[in-house]
Structure formats: structure tokens, C-alpha cells
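None of these values were measured; they are calculated from a predicted model. Lettering follows sequence order; numbering is per chain, from 1. Only heavy atoms go into these numbers, but all of them, side chains included; no hydrogens, no water, no symmetry mates.
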Amino acid sequence: MSDHRPPTETAPTETPAAEGQAAFAPPGRYDVTITAAAARESALAAGAQHDAAVETDERVRLAGRVMLWRHMGKRLFGQLLDRSGTVQVALFRDDFADPEEYRRLAKGVRLGDFLGVEGVLFVTDKGEPTLGGLDATVLNRAHEPLPDKHAGLVDTDLRYRKRYLDLLANPDSRQRFLVRSALISGIRRWLDDREFIEVETPMLQAAASGAAATPFSTHHDALDRDFYLRISPETYLKRAVAGGLDRVYELGRNFRNEGIDSSHLQEFTMLEWYAAYWDYRDNMVAVRELIVDVLGTVLGTTVVDIDGQQVDFAAQWPEYDYRTLVAEHTGIDLSEVRTVEALKAAISERGIAEDLAEAPSYASLVDLLYKRTVRPSLVAPCYLVHHPAELVPLARRNDDDPTVLDMFQVVVNGWEIVKAYSELVDPVEQEERLLEQVRLREAGDDETMMMEDDFIEAMRHGMPPMSGLGLGIDRLVALATGATTLRDVVLFPQLRQAPGAS
RNA sequence: GCGCCUCUAGCUCAACGGCAGAGUACCGGACUUUUAAUCCGAGGGGUCUGGGUUCGAAUCCCAGGGGGCGCACCA
């Protein structure tokens with residue numbers, strides 16, 4: 001930053017000459033004995049006044065970033081921020097053996113500096129838990145000013161590009177990432193408790209499979225071979241189950257080469273799990289239990305505010321039949337309208353969503369129709385079951401009605417946060433259904449799945465019946481924290497190149 | 001990719017065709033319990049970029065760049 005400035009202009013926070021630097025010699029480490037939150041708690045518990053606290057001589061050392069700094073003659077108050085939160089620190093001149101040392105701290109410390117304070121805990125007359133410093137050390141200086149101390153950082157662009165400032169200046173932002181971490185830990189614990197093991201599968205894949213999406217492609221030089229960044233770990237996790245790891249999960253990034261908006265990122269975090277001998281009904285029960293459990297533990301409530309609406313995840317999740325809902329919203333009965341041509345005709349007949357005419361296949365047209373007409377109306381958590389069989393080539397058909405899948409999604413706020421189904425484990429049918437995908441691709445649908453011979457072969461060696469589930473972590477975190485865009489729950493979201501950046 | 005809105009001091013915002021300002025931060029000073037401390041003083045600007053209209057442009061017009069929202073694609 002400072003090197004972009006003309007040489008004549010002094011950086012706003014720089015003291016004249018190098019006086020500020022010379023006055024403090026930052027050490028390489030500081031022996032911290034207490035966090036801000038623990039200091040507050042401990043000060044309030046003891047309830048000592050300042051003089052009494054100094055008498056007891058129970059010293060603690062705290063380090064953090066200076067967020068506020070008020071100098072008033074012989075007394076000085078500041079606020080330090082560490083990972084646990086903030087606490088007030090106070091320096092009283094009379095506590096310092098060397099008044100000059102007090103003066104240097106009082107005058108020399110700037111907002112944004114890191115400070116280590118050693119002293120005693122007490123409570124001020126106004127009831128504020130405070131660390132009374134008997135000694136303080138500047139641990140490093142800030143050479144650039146922090147964002148405005150009350151308004152924070154509101155420029156959306158800057159909040160994403162300089163997330164470190166957003167985290168410092170906006171407590172809400174900081175809180176969202178603490179919740180994100182706690183939710184993920186909670187999910188791992190829940191799965192570990194149920195004897196799932198965590199595995200990692202390739203992100204570089206020869207065939208991008210497991211979802212209908214456009215992949216990123218890349219190239220391996222030594223092998224001179226193109227790869228795709230995975231769009232889903234699904235077929236690898238099923239191979240792991242075939243190998244006897246019959247309850248597995250993976251929590252990791254998937255990549256989809258598509259547009260960005262408030263509910264989509266090009267790299268997003270998804271949980272996928274596979275449980276042998278379960279079917280989709282088992283997963284409907286399990287995922288609800290997981291979400292209610294983890295939200296309750298982390299937030300202390302299962303009620304979440306969605307656009308001003310109080311939504312309770314612990315309430316009943318209604319179950320809607322996919323085709324029934326589509327029929328209710330469009331008047332089109334998908335069990336009768338079963339070809340692209342017929343569906344296009346039905347859509348244009350009713351004058352709904354006519355711009356969908358471009359859709360290259362029955363499956364994609366059905367999917368678009370649903371997303372346009374039904375999905376936006378689903379706000380409170382609900383299950384959507386029995387999608388038409390054409391939609392997912394990896395899912396098992398329903399025994400009673402083979403035109404639909406043993407499949408469900410959980411939709412909240414018009415966002416799909418969970419997709420799961422009983423897995424197709426019959427290699428003959430699997431091969432046939434993937435070949436159909438290949439045919440559709442050749443006919444111009446570029447979001448079909450690719451053939452994966454190695455996956456078929458794994459299935460030919462035998463796979464237990466199983467059901468897998470995918471849960472969009474970013475979306476769950478956004479719902480849990482009231483974020484209206486996924487970019488608010490990802491630390492460093494991908495943005496366009498900043499102007500002038502190299 | 002298309003449409004609408006937006007870009008002024010490090011940060012948060014005024015000025016909306018007539019001298020570019022405030023708060024905060026930074027610098028100097030006062031102050032013995034502050035809580036966004038308060039008070040006094042100083043410095044800080046190609047108004048995103050490039051064209052145009054005008055006696056005069058931060059302001060109006062055109063093009064470009066960044067961002068937001070909507071639409072489309074997707075989970």
C-alpha cells in the first residue's frame with residue numbers, strides 16, 4: 001500500500017521519522033496466560049477493586065489487537081481483541097515505576113497495534129471487568145489505519161477483498177465464521193459418533209461425475225493428460241463402500257464452472273456420506289436429526305430468521321411429492337407428459353416460463369420448470385421426494401413406480417441444502433443409464449454425466465445396497481447465521497480481479 | 001452474458017451545475033475511572049478511468065473498469 005503513495009505524502013498513521021518504531025522493540029513471542037473472555041469472567045468472579053487487585057499480586061498476561069485507546073492524563077483505557085473476544089485494559093500512571101514508560105505507551109500506541117499486557121484483574125466503578133496493566137509491551141505495530149471504529153467496514157467489495165479488516169471491524173462477520181467452524185466440528189462429531197469414517201477422494205478426476213454440472217478443466221504436465229476438478233466425490237465414495245468401508249463421509253470442496261450469485265459459489269463445501277444397508281428413508285431421518293442436533297448445540301436454538309420469518313428447524317418437515325408439487329404449480333402432470341416435445345408443448349400451452357424452450361433434454365427441462373415454478377415457494381424446511389427417474393442416473397428407481405426415484409431433497413428458503421437417494425448398485429442398469437447420458441450429451445445437452453468404466457467395474461465386483469447424502473455446508477451456515485449471500489460465509493470468496501491488480 | 005443501481009479523504013458519509021466538507025483515524029496539546037470518553041489545534045483530495053457538453057462538471061452525456069441487486073446457468 002504505502003509504496004503506491006507519492007513520496008511527499010506521509011502515511012496517515014506513520015509517526016514523524018521512525019520515532020514510533022524506535023520507541024518500541026517488538027519481541028518475537030509473548031507468554032500469554034489468559035484470553036480476553038477468560039479475563040472478563042475471572043475479573044467479574046473476583047469482583048476486586050483496583051487497589052485490592054494490585055495487593056493480591058495475581059498477575060496474568062494477555063495479548064491482543066488494540067481496538068480502542070483512550071488516554072486521559074494519568075489514566076488510560078483501551079480495549080484488546082483476541083480470538084475469544086474483547087476486554088478492557090487500563091494503565092494507571094501511578095502503577096508504573098517509570099513514568100516515562102507509561103507516557104510512551106499512552107502516547108505511542110495506535111489503534112491496530114498488537115499489545116501484550118501484564119497485570120491484575122479488577123472491576124471498575126462502572127462495573128467493567130478490566131485488566132489493570134503493571135507492564136505492557138508493544139508486540140507489533142499497524143502501519144495502515146483500521147476501518148472506522150464505529151461504522152466498521154461496509155463496502156462490500158472491500159469486505160471480501162480485505163476480509164481481515166472485515167473480521168476485525170465487524171463483529172457479525174467474525175461471529176459467522178466462528179459459527180461456521182462450530183457447525184463443521186459438530187457435524188464431524190455427529191458422524192464420528194455413528195461410526196462413519198472420514199475419507200478423502202480425488203479432486204483431480206479424469207471424468208467429472210456425480211452431478212449434472214460444468215466442470216473446470218486443468219492439465220497434468222508430467223502425464224500430459226487433462227483432468228477435471230471434481231464436481232462431486234460421489235462415485236469414489238461408492239468405490240470406498242464397495243471396498244468395505246461401509247460408512248464413509250467426506251467434507252470438502254467441489255468445483256463447478258458456473259455463474260456466481262447469492263446462493264452459488266464456484267468452489268463450495270459439501271458434506272457427502274454413504275451408509276451401506278441404508279435407503280433414502282433412513283437418510284431422511286438421519287439428516288433431520290443431524291441438522292436439528294447441530295443447530296441446537298451451536299446456536300442454542302433451532303429457530304432461524306430467514307428474511308424476517310422465524311423458521312424452526314425442529315418443527316415437522318413436510319414431505320411433498322415432486323410431481324404433485326409441479327402439477328400444483330403448473331397444471332402439468334409429469335407422469336403423463338414424458339418427452340421433451342410434449343413437455344415443451346404443455347409449457348407453451350399454459351404460457352408459463354416459455355423461455356425454457358432452449359432446454360436440451362426432458363430431465364433438464366423438468367429441472368428448470370421445477371426451479372422456476374416450485375422451488376422459490378419453499379421457505380421452511382421440507383422434503384421433496386420421488387423425482388422423475390430421468391433426473392439422476394445414479395439413483396435407484398422406486399420399486400412400485402419405476403418412473404420415479406427413491407430420492408429426496410431438503411429445501412429451505414428456496415435453496416436445496418440436501419440431496420440424497422438410495423443408490424443404484426446394479427451395474428447393468430447403471431451402464432445403460434450412463435450410456436443414455438452419453439447419448440444426451442451427443443445430442444447437445446452439455447450437463448449430462450460422463451461414462452466412467454472404472455466405476456461400472458467397481459459396481460460389477462459388488463456393492464451393498466446403500467444410500468448417500470450430500471449437504472451444502474455453505475448454505476447451511478448462511479441459513480444458521482442469517483447471511484443472505486454465500487459470499488458472507490466463505491472467508492475469501494472468488495472475485496473479479498481488482499482494477500490495476502497484476 | 002443481459003437489465004437496473006452504485007463508486008467523493010485510510011474508513012463512514014455530505015455536497016447533486018457555481019470555492020470539495022463533516023465524523024472517525026493519524027499528528028500536536030489539555031485532562032486521576034473512561035465505555036464510540038470529552039475539549040482545543042494542525043495536516044490529509046487527479047471526486048474510479050478516458051472522452052464529451054458547458055463560461056464553469058464530483059454533479060449532465062458517452063465509453064471502459066470495480067461492486068451490488070434482478071434475470072439466465074447451477075447445488
Side-chain angles (χ1 to χ4, degrees), chain A residues 1-2 5-6 8-16 19-20 49-50 67-79 86 88-94 106-108 110-112 122-128 130 132 142-162 165-166 168-169 210-214 231-232 254 256-266 268-270 353 355-356 358-359 364 367-368 371-372 375 409-411 414-419 446-447 470-476 484-487 495-501:
Chain A
M1 285 305 273
S2 54
R5 222 175 255 119
T8 49
E9 189 190 338
T10 323
T13 59
E14 268 165 357
T15 44
E19 186 209 310
Q49 296 295 296
H50 173 252
M67 301 306 287
L68 294 172
W69 199 245
R70 309 181 271 276
H71 174 216
M72 30 194 315
K74 293 180 175 177
R75 303 270 153 119
L76 184 158
F77 295 89
Q79 192 183 56
T86 59
Q88 174 163 283
V89 296
L91 304 182
F92 293 177
R93 192 172 72 181
D94 296 343
K107 305 298 294 181
R110 296 184 297 236
L111 298 192
F122 71 101
V123 179
T124 64
D125 294 347
K126 306 278 171 64
E128 186 73 26
T130 303
H143 296 261
E144 297 289 338
L146 257 36
D148 188 275
K149 68 184 179 188
H150 9 262
L153 186 67
V154 301
D155 184 299
T156 318
D157 188 26
L158 286 181
R159 286 187 45 234
Y160 299 146
R161 288 189 202 280
K162 303 188 179 183
L165 295 179
D166 178 45
L168 286 172
T214 312
I231 55 176
S232 155
N254 293 317
R256 297 188 185 176
N257 202 345
E258 284 149 357
I260 317 170
D261 63 31
S262 56
S263 64
H264 296 87
L265 301 162
Q266 57 277 74
F268 64 100
T269 302
M270 189 153 80
D355 53 311
L356 299 181
E358 300 298 310
S364 59
D367 196 41
L368 288 172
K371 283 168 180 168
R372 183 73 62 81
R375 198 172 67 182
Q409 288 179 312
V410 177
V411 179
W415 294 355
E416 285 157 15
I417 62 167
V418 172
K419 179 187 268 183
D446 54 10
E447 285 185 344
L471 189 162
I473 297 292
D474 310 286
R475 289 181 176 176
L476 182 65
T484 53
T485 162
L486 296 188
R487 279 183 295 252
L495 300 172
R496 268 172 225 266
Q497 197 173 62

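- Between Leu165(A) atom CG and rA25(B) atom P the separation is 16 Å, expressed in whole Å.
- Between Ala213(A) and Ser262(A), it is Ser262(A) whose nearest contact on RNA chain B lies nearer the 5' terminus.
- Look at the C1' atom in both rC48(B) and rU6(B): the space between them is 11 Å, to the nearest Å.
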Canonical and wobble pairing (Watson-Crick, G-U, under 3.5 Å) of RNA chain B, dot-bracket with |: (((((((..((((....[..))))..((((.......))))......(((((..]....))))))))))))....
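- For the pair Gln79(A) CD and rA25(B) C1', the computed distance is 16 Å after rounding to whole Å.
- For the atom pair NZ (Lys149(A)) and CG (Leu168(A)), the distance works out to 15.5 Å, reported to the nearest 0.5 Å.
- One can place CZ of Arg161(A) at 14 Å from P of rG65(B), the figure rounded to the nearest angstrom.
- The distance between atom CD of Glu144(A) and atom P of rC27(B), rounded to the nearest whole Å, is 13 Å.
- If you measure from atom CG of Leu158(A) to atom P of rU8(B), you get 10 Å, rounded to the nearest angstrom.
- Separation of atoms CG (Asp166(A)) and CZ (Arg161(A)) is listed at 14.0 Å; rounding is to 0.5 Å.
- The interatomic distance linking Asp94(A) (CG) with rU32(B) (C1') rounds to 8 Å, in whole Å.
- Taking atom NZ of Lys371(A) as the reference point, atom P of rC71(B) lies 15 Å away to the nearest angstrom.
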